[in-house]
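The next block holds one structure in the form of structure tokens; read it before the comments.
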Amino acid sequence: MKYDVKDLKLAADGKLRVEWAAEEMPVLAQIQESFRREKPLKGIKIAACLHVTTETANLAITLKEGGANVSLCASNPLSTQDYAAAYLVKAHSISVFAIKGEDTKTYYNHIDSVLNVAPHITMDDGADLVSTLHKDRTELIKNIIGGTEETTTGVIRLRSMAERGVLRYPIIAVNDAETKHFFDNRYGTGQSTVDGILRATNRLIAGTNFVVCGYGWCGKGLAKRVRGMGANVIVTEVDPLKALEAVMDGFRVMSMDEAGKVGDFFCTVTGNIGVIRREHFTKMKNGAIICNAGHFNVEIDLDGLSSISKRKRKVRDYVEEYTLKDGKKINVLAEGRLVNLSSAEGHPSSVMDMSFANQALCVEYLVKNARKMEKKVYDVPEKMDKMVAKMKLGALGIRIDELTQKQKEYLISWEMGT
Ligand code: ADE
């Protein structure tokens, strides 16, 4: 079995941590149980490019229980939990190619390694696997029946591929399931980003001006959490609707130019490039702290920052201090990569439970249905989404009401008015 992980001796620690995560993943556990009995993925080779965390370990184990042969690499060079990777290799004979802090060349070599299994299904988080496959490994596409995509950025890339007619197999946008983005993007990113910032800096958030760049689901979650910690939250946006929503949610909304002058913390969560740029750095206060919780490390223009700096030094783990030519200092966390997965452990298991339940069920769905599907991006079937919500409520011991017959009839009637 091939693999490339940091140190297999970390497997014992990994076991405890993967089991700890599993305690909060009851929906995935139920799916794992039925996969174990029914083996719906028998003979299926899966290449997965996901953040290699304890939650992902539970997903990989579930897929293997379903009969799949799973190969896993990282979807970000800084997000790997080396103990989880070691545990999967040692205890579950799952091929993992991921080392926290790997350079870009190794990152892509690892993507190549998982593709070398000639997969039937791809699972991606950010679409680097699918993009590599369509650019450099096209000979493998004939084996592939379908794929899944975990995150907003990946779905945007894939929709663009589909629109340009270059996507060569069907992919299900797991991100767009309501049981995914309502919870993972909002509550997961909200909490884990605060966790990442605190672990990296140990700074007080109360009383500071905290600038959230982007008011999508992730931005909404983060803004809510830092407000709860006593920050004065400022939102920047390019979409007038989202900007209005932020205003009416009670946040101050301003342009990046204005926010740049007053922010103490800045966190980008837009999914776009060059959100904080040179012209913003020059206006910032001394000691400003900047980080990113969007998928790629392109939101903060670090080249622009370097070009106006005379010095850069690491002052703590995950904190780099840039000294500008005028002497002002700006601190960048986690090299502008996902701060929640770099300096903390990513989203809590409880939300990943639903995201990964969708992933596992979508893989099963692809095995059954992919041959009837077109080369485009599909939504998670609504029935499946609702089922995941029901299973989660059930696991939480929460009962809800059911529509009465009269209510069902009322909802489809048009005759009845005042
Ligand atoms: N994305 C965000 N948090 C994650 C986690 N804990 N595991 C896998 N992918 C994630």
Side-chain angles (χ1 to χ4, degrees), residues 1-22 25 28 46-64 68-104 106-117 119 121-130 132 148-151 153-154 174 184 188 192 196 295-297 334 337-349 351-353 355-356 359-360 363:
M1 189 189 93
K2 291 189 179 157
Y3 63 88
D4 188 17
V5 298
K6 180 149 189 214
D7 182 356
L8 284 184
K9 288 200 283 299
L10 298 171
D13 185 25
K15 177 177 191 297
L16 294 172
R17 288 171 175 266
V18 171
E19 286 170 2
W20 175 256
M25 303 182 82
L28 191 65
I46 298 176
C49 177
L50 302 167
H51 299 296
V52 180
T53 64
T54 54
E55 291 75 24
T56 303
N58 281 297
L59 172 63
I61 294 165
T62 302
L63 299 169
K64 191 171 180 212
N69 174 322
V70 184
S71 303
L72 174 65
C73 65
S75 57
N76 185 295
L78 265 188
S79 63
T80 298
Q81 295 167 2
D82 291 315
Y83 43 81
Y87 172 64
L88 283 177
V89 171
K90 186 138 190 221
H92 292 273
S93 305
I94 290 175
S95 291
V96 183
F97 301 87
I99 299 173
K100 187 174 176 88
E102 61 196 17
D103 59 20
T104 307
T106 310
Y107 174 78
Y108 280 104
N109 282 342
H110 284 163
I111 288 186
D112 255 341
S113 299
V114 300
L115 287 174
N116 284 342
V117 301
I121 287 183
T122 60
M123 301 178 81
D124 220 340
D125 185 332
D128 276 348
L129 184 70
V130 174
T132 303
T148 64
E149 170 54 52
E150 169 75 6
T151 202
T153 296
V174 169
D184 168 319
S192 61
H295 186 79
F296 285 118
N297 58 335
R337 296 195 187 275
L338 281 162
V339 71
N340 58 335
L341 279 142
S342 302
S343 59
E345 295 169 60
H347 302 352
S349 317
V351 288
M352 295 314 296
D353 186 26
S355 309
F356 285 168
Q359 285 282 7
V363 169

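Considering only residues two or more places apart in sequence or on other chains, Glu102 meets the salt bridge (charged side-chain N to carboxylate O under 4.0 Å, His left out) condition with none of them. In this view, Asp13 and Arg17, Tyr83 satisfy the side-chain contact (heavy atoms from CB on, under 4.5 Å) rule, not counting sequence neighbours. In terms of the side-chain contact (heavy atoms from CB on, under 4.5 Å) criterion, residue partners of Ser343 (sequence neighbours excluded) are, by chain and number, Ala200, Tyr318, Val339. With sequence neighbours excluded, no residue forms a salt bridge (charged side-chain N to carboxylate O under 4.0 Å, His left out) with Asp82. By the side-chain contact (heavy atoms from CB on, under 4.5 Å) test, Asp7 is found to be paired with Lys9, Leu10, residues two or more places apart in sequence or in another chain being considered. When the side-chain contact (heavy atoms from CB on, under 4.5 Å) test is applied to Ala22, the partners found at least two apart in sequence or on another chain are Asn58. For Ser71, there are no side chain to side chain donor-acceptor pair (under 3.5 Å) partners two or more places apart in sequence or in a different chain. Qualifying side chain to side chain donor-acceptor pair (under 3.5 Å) partners for Glu149, counting only residues two or more places apart in sequence or in other chains: none. Residues satisfying the ring-ring contact (aromatic ring centres under 6.0 Å, His included) criterion with His295, sequence neighbours excluded, are His51. A search for salt bridge (charged side-chain N to carboxylate O under 4.0 Å, His left out) contacts involving Lys15 returns Glu19, not counting sequence neighbours. For Thr53, the side chain to side chain donor-acceptor pair (under 3.5 Å) partners two or more places apart in sequence, or in a different chain, are Glu55, Thr56.
With contacts defined as side-chain heavy-atom distances shorter than 4.5 Å, the pair Leu338/Leu78 does not qualify. With a 4.5 Å cut-off on side-chain heavy atoms, Asp4 and Asn109 do not count as touching. Inter-residue side-chain proximity for Cys49 and Ile111 is flagged as met; some heavy-atom pair is nearer than 4.5 Å.
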Quick one: side chains of residues 88-98, donor-acceptor pairs under 3.5 Å with protein atoms, not counting sequence neighbours, listed by atom name and distance.
| unit_1 | atom_1 | unit_2 | atom_2 | d |
| --- | --- | --- | --- | --- |
| His92 | NE2 | Tyr87 | OH | 3.0 |
| Ser95 | OG | Lys2 | O | 3.0 |

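What you find for Gly126 and Thr151 is that their closest heavy atoms are N-CG2, 3.5 Å. Here the shortest heavy-atom pairing between Ser192 and Ala344 reads O-CB, 4.2 Å. Heavy-atom minimum distance, Phe356 versus Leu28: O-CD1, 3.6 Å. Of all heavy-atom pairs between Val5 and Ala85, the closest is CG1-CB, 3.7 Å. In this structure, Thr80 and Ala74 approach most closely via the heavy-atom pair OG1-CB, 3.4 Å. Closest approach of Ala360 and Thr62 over heavy atoms only: CB-CG2, 4.4 Å.
Heavy atoms from other residues, nucleotides or ligands lying under 6.0 Å from OH of Tyr107 number more than 12.
One finds the CG atom of Leu59 at 12.0 Å from the OG1 atom of Thr54 (value rounded to the nearest 0.5 Å). Here the CE-CG distance, from Met123 to Leu50, works out to 6.0 Å after rounding to the nearest 0.5 Å. The distance from atom CG of Asp124 to atom OG1 of Thr153, rounded to the nearest 0.5 Å, is 11.5 Å. Separating the CG atom in Leu341 from the CG atom in Asp125 is a distance of 8.5 Å, to the nearest 0.5 Å.
There is no side-chain donor-acceptor pair under 3.5 Å between Ser113 and Asn116. Under 3.5 Å, the side chains of Glu150 and Gln359 contain a donor-acceptor pair of N or O atoms.
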Asp103 and Thr106: CA distance, side-chain angles, deciding distance, side chain to side chain donor-acceptor pair (under 3.5 Å) verdict: CA-CA 5 Å; Asp103 59 20; Thr106 310; 2.6 Å; yes
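Side chain of Asp184 to backbone of Val351: no donor-acceptor contact under 3.5 angstrom is found.
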